[in-house]
Every structure is written in structure tokens, then in C-alpha cells.
Amino acid sequence: MINITFPDGSVRQYEAGVTPLDIAKSISEGLARNVLSAKVNDKVVELYRPVNEDATVQLLTWNDEEGKDTFWHTSAHLLATALEQLYPGIKFGFGPAIENGFYYDIDFMDYQVSSEDFPKIEKRMMELVQAKTPITRREVSKAEAIDFFTKKGDQYKLERISELNDGEISFYESGTFTDLCRGPHLVDFSPIKAVKLINLAGAYWRGDEHRPQLTRVYAISFPKKKELDEYLVMLEEAKKRDHRKLGKELNLFMFNDIVGKGLPIWLPKGTELRMRLQAFLSKIQKRYGYKQVITPHIGGKQLYVTSGHWDHYGADSFRPITTPEEGEEYLLKPMNCPHHCMIYKNEPRSYKDLPLRLAEFGTVYRYEQSGELHGLTRVRSFTQDDAHIFCRPDQVKDEFIKVMEIIEIIFKALSFENFEAQISLRDPNDTAKYVGSDENWAKAEAAIVEACKEKNLPAKVEYGEAAFYGPKLDFMVKDALGRRWQLGTIQVDYNLPERFELEYIGSDNQKHRPVMIHRAPFGSMERFCAVLIEHTGGKFPLWLTPEQFIILPVSEKYVDDARAMLAKLEDMDLRGIIDERSEKIGRKIRDAELGKYPFMLIMGEKEVGEGTVSVRRQGAGDMGAMTPEAFAKMISEEIEKVL
RNA sequence: GCUGCAGUAGCUCAGCUGGUAGAGCGCAUCCUUGGUAAGGAUGAGGUCACCGGUUCAAAUCCGGUCUGUAGCUCCA
């Protein structure tokens, strides 16, 4: 008998050689039906793999990330099995489970496959499911593996095998399809009740653009048909929140071919929104001791040669601007820090002056590859809510905490709750590729980790992800379609102070080198607004929205009264517009609802007589009549609650 | 940058295998002056992204370019 320990700490005894499926059956019928794979001593395995000695066992279902992984990974094999039957001779790259579904990278050889073929492929997949094709695992020798795929002519699998050692190679067979795979997998295809191919996209073999491009087939599958339907509805809903669509509908921003791709133009309403965000941050920064500065949009090339950016990124950036003056070259500013370094250098600094916090809403220009451009989230001209903190090494942690507080205030005001934080530290095995002393790195890395601990911020630590010039802390959020974008960032920098020979006079009357912290709570105004648009679905919080209300006169007779009311509300620091069209009130309400104005103020004979407005809240309906003063009070109270 | 897909009115889109353009919304004018999610009539508006080719004839077929889009790669 062996002891099996469960995640809750309980222990049961079983015969040696018991399988996870047996264990599930011994617990309950339902569990046995739903279990997908099992985690035995921290390794996920198939349900038929015997357990021969004492172990901890966690039975994995659809509700466990790892259970889903097994499910989708097997679905990828189902896809491959179907594709190989439909397109004999195709070659297979990798086919993993991903965050939402799975994909398989395929070399389709001479076959032309398009999304029109999806139904056919899905149909074949479901036929294989119904056939209850078992999936069997087999350990093979390296020689056997090489032999098999040589015969098959699959150079991709052969390349992968060449990196593996004898004794760690396994094959999985699902009917007609045999794949090199580590597993684990479902026992057979039958739990897969619904599949949907999502799209096709090119993907380089092993992500290398110099290697062949395969066709990546994205798909998703579910244990219940209903879950697939819900997922598809969710996708549709997400598309409605896409900031590119809402930006057009709400007249926030535009692009124009002649102006140039990746160069966003902010329309009046979008500008309102952005200015308000900037004013909000400026106010907080003032409280935290930042000094606002303004620097030019271009800078002498030497500035960026000194900073090192020219060497690093110059070849892939906008070409230098030349002048009639022989040999004179300027760069469109790709970042603000070198300018700020020059401000630091402009006068001698004492340790008493530090930290010096220079802030700028600085517009920068970067030549992003055309395939990378994406709405407002990836553009070639954007404005960073940038600031550089010049401080002593012993001040890093305190400054870090203060920046984290600013980010906290912002995220809270906008109810960004689903963000992820990542601490990027240097690769401990390759410290040579980083600049700065070991001592300073150790100090800064510890400062970041401690700051997160102190602020109770759950952050994932990634080694080797630090920039060459210093460790950093990034804040990431997902957009409507589940893509992850980096917003706020705090980065420690030892490189620029060195390159620009920044100094301060310490209390010991000696010269010392300050540490620089780059930070941008929003990241860029463009990207932040994009995420904000998707987060709110265009229904911005009251304090931010370009128009807080729209006055709807019941008929044209009351337009003059509406104008007087607007003036009165504007005097009370509210903002709104009037719908002066000759339309019936029902129509005006409908349009205002669709236009996402937070409040509709209806004015007719009754209200004009009483000196009130009838308030209707977007999405919630009639709230009754109130005086403009009462309305203003209600709005300001609501705003105070969030800010 | 690479690969797939797409580009028709301000917006969303229809236009089968080639026969010289349509709808809804929006806009303009007029009628209507209305009470909590679409009142009515009339009208304007398009080199069918651009350039070239095939054809008696191209929005439609072919090639190229541009732009968008899905991914890959990159990202200070």
C-alpha cells in the first residue's frame, strides 16, 4: 500500500500502481467523469500513469489552469490529426496550449488553406472525437524517433529531436497521427465537445524571421457546447469595446494616410479627455515634489550618441534631420531622458538638492515597424507622462515607494483592478552584460523587492528581464481582446548618469554619482487612453468624460431656456452640450443613450416653470426633477468619491 | 519588416460567374413642436484606395504600390 496525499493535506491509502483515474473513481463518480489529468509530485501526467510509491496527487479538471492546458494541448493534437487526414504530407512545428485555446504551427506545403476551410476541419475534428480515438503514449529511443520523422520527412520535428537526449523522448499516437510530444494528454478525445478554429496567421519557425514561415492555426475547444457559445459572445462583446472602433464612434482620435501611419491625431473630445488625465497627474506630481519642465521635440544627434541610444537604436529609428549647415544633424526625440540629464547638469548639484524630480509630458517619436502599429497602443508619435528622479543610491527605495503610490492613486481613481506587476531583475548568471556596480544592482534590486513587499503589491519576479541599465517594475493590463500591454513603468538607471557624467557634491564634500529613476505611471497617454477606452467601453468616469451631460429641450420652444441652463451649469464647473435638433424627445433620449452621455437633462414646460431639470442617467433611466444646484452637488459628490 | 485577409458614400455594409453603382444610418432643406430609447417628405453626396495590364467592356480578372487588419519578430 502507498500513501497518497491530497492538496487539502488529507492522506489515503491505495495499492501501489494505482492510477489517478482510479483515485478519482474512489472519491466520486462525478470527479472521475470530469478529471482531465493529474499532478503527481508536481508533475502533470495522464490519468492512466500508475503511481507506484507515496506521492502527493492533485486531480486536475477544467477548473484548474493545468487541467485546461492538458485539454487544449490534446485539442491541438486533435487538430493536427484532422489536418493530417485532410492534407496528407503536411509538416508539423509546435502545437501548444495557450492562454485562450491552442494553436498548431503547420507547413502546409502546396496546399492552399483559408478560413473557408474551417468548417470542414472542425467537422473532421468532431468525427475523431466521436470515434473516441484513444491517445497512447510510448517512450522511444532517439534513434527510433529520428528514423520515424526522417521517413516522414518532417524537418521541424527532427530539429527538435536533435536537441533532446535519449531516454526523454516520447511519442503520442492518436489514431492516424503520431507526434513527438512530452505530454501530458487526455485519455482520449471524447471530453472535447466543441471546437472552433479562430484564425490563421503566419509564424516563423521558432520565432526567427530568417527561418521558414509556417501557418499558425489558432483554435479553441471546450468540454461543453454552451461554453463555446458563451466564449464567442464574449469575443463579440470585446470587439464592441475595441478602442479603435470607439475612438471613431466617439470622435476621440483619428488617423490619416497623408499625415502618416502610426501618427495619431487627437480630436477635440479626445484632447479633452487626455488633458484632464494630464491635469490629474500633474496635481498629484506637484504634491510629490515634481518640477515640470518642457524640452524641444528634436535634439542634437550628439545628445543621443552620448546617451548610447544612437548606437543601440539609431539604425532602426527615424533618420536624422539635416540643416543647410554642413554636418549639422538633429534627431526627432525618441526619449526625454537625455534632455533631462542636461537640465541636471545645468548647474552644480548638492546632496541637499536630491532627489530632483523632473517631469514632462514629453512627446517622442520612434520608428516602430509597420506591422507593429496598432490603434493607439502602438504608434510612432506618443506622449510619455515622463519623469526622471535623480537621487542618491540610498534614496532609491523611498523614491520607488513614492512612485508606486502615484500609480496606486491613478489605478484606483480609474478602477483598474486587473493589472499585473512584474519585477524585472538581471540574469544572475550573466552579470557582465549589465552596466553599473554589483553593489548598486544588489541595492536597487533589493529596494524594488522590498518596496513591493511594503506596499503589499503582488509582483511576479522575472530574472534576466531587466534592461541593461537597471532593474525595473512594470505594470501590465489586458485590452478588450486579451492582449497584454505595459502601462506604468519604474526603471532604475545607472547608465545615463555615468554616460552624462552626472555628479553631486555629498556631505563629505566629494563628488558622487546620482542614480536615475525613469518612471511613467500612464506609460504613454496614447496607450493609456486606449486601455481606458476599452476598460470603460467609452463610458468614462464623470470627472474625465468630455461631456458630463446633454440638455434635451422637449421642443424648440425651450432651446433658449436650455442655453441659459447650460451657462448656469458651466458656471458651477460642469460641462455639457445641448441637443438643439428639431427632433422628438424620445429620439433625443435614444441618441443621447447611444452617445454615452452620463446624464440627460430634459427641459420642457414643467421644468422651465419650476426652474429645474429632469435628470436621466445613462443606462439607468429617469431620476426625477431637480434644481441645477442639486444636480451639480450630486455630480461633485460622486466625483469626490473616486478621487 | 514578413505571411494571411481586407479596402465600394462621413459611418456600417450589399453588389453571384466582367455589361460603366445600391441600402440603412448620418448630413442638408422643408413639414411637424413633440414628455423619457428611432415622426414624415425631399435632396445632396462615390475616379468603387492608387498605378498599370487583360478585354468590345473592369468595382468585379491579373500584376504592382499604398493603407488597414490578424499574427510572427522587435520594442528605449
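Just so we're on the same page: letters track the sequence lines, and every chain starts at 1.
- Taking atom CD of A:E249 as the reference point, atom C1' of B:C11 lies 9 Å away to the nearest angstrom.
- Base pairing analysis places B:U47 opposite nothing; no Watson-Crick or G-U wobble pair with both distances below 3.5 Å involves it.
- For B:U3, its base never sits under 3.5 Å from the side chain of A:T215 at any donor and acceptor pair.
- Of all nucleotides listed (B:C75, B:A76, B:G35), B:A76 comes nearest to the side chain of A:P334.
- With a 6.0 Å radius and a threshold of 12 heavy atoms from other residues, nucleotides or ligands, A:Q155 has its CD atom above the threshold.
- Side-chain to base pairing of A:Y204 with B:G1: one donor and one acceptor N or O lie within less than 3.5 Å of each other.
- The phosphate of B:U33 has neither OP1 nor OP2 within less than 4.0 Å of any side-chain N or O from A:K557.
- For A:I198 and B:C72, the CD1 to C1' distance is 18 Å, given to the nearest whole Å.
- Among the protein residues, A:S582 comes within range of the nucleic acid bases, having at least one heavy atom under 4.0 Å from a base atom.
- Taking atom OH of A:Y469 as the reference point, atom P of B:A76 lies 6 Å away to the nearest angstrom.
- For A:Y313 and B:A76, the ring-to-base geometry satisfies the stacking test (centroid distance below 5.5 Å, interplanar angle below 30°).
- No engagement by A:L200 is indicated, since no non-hydrogen atom pair under 4.0 Å with the nucleic acid exists.
- Among the atoms of the strands shown, base atoms are found under 4.0 Å from some heavy atom of A:R616.
- The gap from the P atom of B:G68 to that of B:A57 amounts to 35 Å, rounded to the nearest Å.
- The 12-atom threshold is exceeded at OH of A:Y87, counting heavy atoms of other residues, nucleotides or ligands nearer than 6.0 Å.
- Nucleic acid contact class of A:D622 (heavy atoms, under 4.0 Å, all strands): base.
- Between A:S370 and the phosphate of B:G1, there is a side-chain N or O to OP1/OP2 separation shorter than 4.0 Å.
- Nucleotide B:G1 has B:C72 as its partner under the Watson-Crick or G-U criteria, with both atom distances under 3.5 Å.
- Pairing for B:A41 is with B:U29, a Watson-Crick or G-U wobble pair whose two hydrogen-bonding atom distances lie under 3.5 Å.
- Nucleotides B:G10 and B:G52, compared at atom P, are 23 Å apart to the nearest Å.
- Taking atom C1' in both B:G18 and B:C25, one finds a spacing of 31 Å when rounded to whole Å.
- The pairing partner recorded for B:A14 is none, the criterion being a Watson-Crick or G-U wobble arrangement whose two distances lie under 3.5 angstrom.
- When A:F528, A:W485, A:F382 are each tested for a side-chain contact (heavy atoms from CB on, under 4.5 Å) with A:T377, only one passes: A:W485.
- Listed candidates were B:G1, B:G35, B:C72. Nearest to the side chain of A:K261 is B:G1.
- Distances were taken from every side-chain heavy atom of A:V554 (C-beta onward) to each of B:G34, B:A76, B:U12; the shortest belongs to B:G34.
- The pair A:E583-A:R590 does not count as a salt bridge, with every side-chain nitrogen at least 4.0 angstrom from each carboxylate oxygen.
- For the P atoms, the distance linking B:G63 with B:G15 amounts to 22 Å, nearest Å.
- Per the geometry, CG belonging to A:L250 stands 20 Å off P belonging to B:G10, to the nearest Å.
- Look at the C1' atom in both B:C13 and B:G7: the space between them is 13 Å, to the nearest Å.
- In terms of position along RNA chain B, the nucleotide closest to A:L594 lies nearer the 5' end than the nucleotide closest to the other residue of the pair A:L594 and A:A203.
- Residue A:K588 places no side-chain N or O under 4.0 Å from the OP1 or OP2 atom of B:G34.
- Between A:Y344 and A:F500, the distance from one ring center to the other does not fall under 6.0 angstrom.
- Going from atom CG of A:L214 over to atom C1' of B:G71 covers 13 Å, rounded to whole Å.
- Considering CG of A:D105 and CZ of A:R206, their distance stands at 11.0 Å, rounded to 0.5 Å.
- A cation-pi arrangement is not found for A:R380 relative to A:Y365, the charged atom failing to lie both closer than 6.0 Å to the ring centre and inside a 45° cone about the ring normal.
- Separation of the C1' atoms belonging to B:G26 and B:C66 is 28 Å when rounded to the nearest angstrom.
- Of the listed nucleotides (B:C74, B:U36, B:G34), B:C74 has the atom at the smallest distance from the side chain of A:R378.
- If A:K245 and A:H309 are placed on RNA chain B by their nearest nucleotide, the residue sitting closer to the 5' end is A:K245.
- Across all strands shown, B:U20 remains unpaired; no Watson-Crick or G-U wobble contact has both distances below 3.5 Å.
- With A:M516 as the partner, the side-chain contact (heavy atoms from CB on, under 4.5 Å) test is satisfied by one option alone out of A:V492, A:L356, A:D493: A:D493.
- Surrounding NZ of A:K301 are more than 12 heavy atoms belonging to other residues, nucleotides or ligands, all under 6.0 Å away.
- Among the heavy atoms of the strands lying under 4.0 Å from A:G586 are primed sugar atoms or P, OP1, OP2 only; no base atom is included.
- In this structure, A:S317 reaches neither bases nor backbone, as no heavy-atom distance under 4.0 Å exists between it and the strands shown.
- In this structure, the CZ atom of A:R587 is 9 Å from the C1' atom of B:G39, given to the nearest Å.
- Around atom OH of A:Y463, no more than 12 heavy atoms belonging to other residues, nucleotides or ligands sit under 6.0 Å away.
- Comparing the P positions of B:A59 and B:U20 gives a spacing of 10 Å, expressed to the nearest Å.
- A:Q618 comes within contact range of no nucleotide atom at all, as no heavy-atom separation falls under 4.0 Å.
- Under the Watson-Crick or G-U wobble criterion, with both distances below 3.5 Å, B:U67 is paired with B:A6.
- Atom CD of A:E465 is separated from atom P of B:C75 by 10 Å (rounded to the nearest Å).
- Atom name C1', nucleotides B:U32 and B:G40: the rounded distance is 8 Å, in whole Å.
- Pairing for B:U55 is absent, judged as Watson-Crick or G-U wobble with the two contacts each under 3.5 Å.
- Taking only distance into account, the side chain of A:R366 never meets the base of B:C75 through a donor-acceptor pair shorter than 3.5 Å.
- Comparing B:U33, B:U67, B:A37 by their nearest atom to the side chain of A:D257 picks out B:U67.
- Between A:F255 atom CZ and B:C66 atom C1' there is a gap of 17 Å when expressed in whole angstrom units.
- Residue A:H374 places at least one side-chain N or O under 4.0 Å from the OP1 or OP2 atom of B:A70.
- Across all strands shown, B:U60 forms no Watson-Crick or G-U wobble pair with both key distances under 3.5 Å.
- Proximity of A:R244 to the phosphate of B:A70: a side-chain N or O atom is located under 4.0 Å from OP1 or OP2.
- Among the heavy atoms of the strands lying under 4.0 Å from A:E605 is at least one base atom, whether or not backbone atoms are also near.
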